[in-house]
Amino acid sequence: MRFKPQPVFSSDPQIAARQKRRLAEAEREGKQRSWHLAMLAGTGLALAALLALAGEARAQAIVSEQARFTLSDVATGLENPWSLAFLPDGRMLVTERPGRLRLVTSEGEISAPLNGVPVVYDTGQGGLLDVILDPDFARNSTIYLSYSAPVSGRGTTQIARATLVQGGLSDVKVLFTAKTKGSSGRHFGSRLAFGPDGYLYASIGDHGSDDTAQDLTLHSGKVIRITRDGEPAPGNPFLGQANALPEIYTFGNRNPQGLTVTPDGAIWAHEHGPRGGDEINVLKAGANYGWPVITHGRAYSGFSIGEGTEKAGMEQGIHIYVPSIAPSGMAFYSGNRFPEWQGDLFLGALAGTHLNRLEVKDGKVVAEERLLEDLGERIRDVRSGPDGNLYLLTDSEDGRLIRIAPAS
């Protein structure tokens, strides 16, 4: 007699409810497939039924231009997960936008929310956003969080440092609070990355106030560079300059939600355009990326924005998306399980609901491929895992942590 293994649900009631709902949907789909197979067998198409059953028994391989791979859910039931960080022991830290930080094991066990997370401004696009590890995490157990914080009834981007301990966070210290006009729920940016110089780079969206991206007395619409203690990094381009904030590294950025380090140590960012005009930029100290003076997009009303698509003294993106894909999350693949993808750049797409793969040669994008378009998921984050697989987070109230592994 064979016993059917019983599913294990999260101890968190809200996550368990979402997991049970997803399981019920999968079981209904499975029954429909079984009925179809039975009909095939009943009409004499036994071989077709057996072949179909065999296909159900193994993970379906997805064939792309350069690789064959499978998808598997590591965890489900996450509420609007936003970012993912890998711990040395194999577990993962996952942020949920409403303000929860969780640990997820490689087997999919989801912890209760960790204690000590700062209070967030959970409105619109705001909430608990990025999480990254300190470069010396193995020694100091330090992590960094970015989030929208409530300030005078509105939200502004904030960065905190904390120590990861059993069950939560300790020694939480706010390192940086962006000086902005505040936001009612838009354009917080908030991606974090440590550069090869050891400093912390962070993207700060324009907070819905377009013109502030050109105003050096505000942090909105900028990428900043700070030390691990939150001080302006030595050598910052506007350090000591009157009427300019010392943390600013670049300006004229609309809403950057992707930030990563290239294999050769450059800092790349991508940002949302308005209606079209998403762009990938190579960050250069003191550079102006043009928003809202130049853009390849248009206003949501359809009218033009600014002065055109280029202007002297303003940088051009190395890759432009028209129409928009609404990019979020960005990682160069650095593993050994997909040699065909080595050095390729991957972006999540929210409005575009796909995984965007870019081939990069000599600092230029030479080819693009759109993966997982049939998945129908808003992909919020993408990471190259230490095990050589790719990992994705999907943005929904029943969000998924997905593993992409080579097909056998």
Side-chain angles (χ1 to χ4, degrees), residues 64 66-67 69 71 74 81-87 92-95 104 129-133 135 137 143-144 146 189-196 200-203 223 256-272 278-283 317-319 321 325-350 352 354-361 363 365-372 375 377-395 399-406:
S64 68
Q66 294 188 350
F69 59 90
L71 300 182
V74 177
W82 211 92
S83 179
L84 167 69
F86 300 97
L87 297 175
M92 293 160 271
L93 284 168
V94 177
T95 61
V104 179
L129 304 173
D130 212 357
V131 57
I132 63 169
L133 306 187
F137 177 87
I143 68 169
Y144 299 81
S146 66
S190 295
R191 286 294 177 189
L192 305 174
F194 273 100
L200 178 61
Y201 294 75
S203 65
V223 173
Q257 289 190 343
L259 192 63
T260 193
V261 180
T262 69
D264 60 2
I267 310 295
W268 285 24
H270 69 57
E271 61 185 76
H272 293 266
D278 304 335
E279 57 190 49
I280 298 175
N281 292 304
V282 179
L283 298 189
I318 64 167
H319 193 66
Y321 295 92
I325 65 168
S328 182
M330 178 164 64
F332 282 92
Y333 179 72
S334 57
N336 56 14
R337 302 203 70 194
F338 290 100
E340 312 91 332
W341 288 348
Q342 186 65 233
D344 288 356
L345 183 64
F346 288 85
L347 292 73
L350 297 169
H354 70 272
L355 178 64
N356 198 257
R357 182 183 70 85
L358 300 175
E359 293 180 40
V360 179
K361 185 176 181 180
V365 174
V366 297
E368 176 184 350
E369 182 182 15
R370 301 191 174 194
L371 305 167
L372 308 181
L375 194 63
E377 294 274 15
R378 289 165 49 88
I379 297 178
R380 171 61 72 182
D381 200 13
V382 54
R383 304 281 175 166
S384 181
D387 58 2
N389 297 317
L390 272 176
Y391 288 82
L392 313 177
L393 289 174
T394 66
D395 180 36
R400 302 158 66 184
L401 169 55
I402 298 173
R403 181 190 294 119
I404 296 179

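Hydrogens, waters and symmetry mates are skipped; everything else that's a heavy atom, side chains included, is used.
R403 and Y391 share a side-chain donor-acceptor pair at under 3.5 Å. Looking only at atom types and distance, the side chain of S83 has a donor-acceptor partner in the side chain of R383 under 3.5 Å away. In the model, D130 has no side-chain atom that pairs as donor or acceptor with a side-chain atom of S190 under 3.5 Å. For the residue pair Q257/H272, the side-chain donor-acceptor check at 3.5 Å is satisfied. With hydrogens and angles left out, the side-chain atoms of Q66 and E359 include a donor and acceptor closer than 3.5 Å. A donor-acceptor pair shorter than 3.5 Å cannot be found between the side chains of R400 and T394.
Without hydrogens or angle criteria, H319 side chain to V366 main chain gives no donor-acceptor distance under 3.5 Å. Between the side chain of D395 and the main chain of R378, no donor-acceptor pair closer than 3.5 Å is present.
Side chains of L392 and I404 form a contact here, defined as non-hydrogen atoms less than 4.5 Å apart. Proximity of W268 to L259: side-chain heavy atoms (C-beta onward) are nowhere separated by under 4.5 Å. L93 is listed as a side-chain neighbour of I143, based on a closest heavy-atom distance under 4.5 Å. Counting heavy atoms from C-beta on, the side chains of I325 and N356 come closer than 4.5 Å. Residues V261 and P196 meet the side-chain proximity criterion, which asks for heavy atoms closer than 4.5 Å. The closest side-chain heavy-atom distance from E369 to S64 is below 4.5 Å.
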What pairs of donor and acceptor atoms, side-chain ones from residues 339-348 against any protein atom, are under 3.5 angstrom apart with sequence neighbours left out?
unit_1	atom_1	unit_2	atom_2	d
Q342	NE2	G335	O	2.5
D344	OD2	R357	NH1	2.7

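Shortest non-hydrogen contact noted between F338 and G388 is CD1-O, 4.0 Å. Here the closest non-hydrogen pair linking S203 and P256 is OG-O, 2.8 Å.
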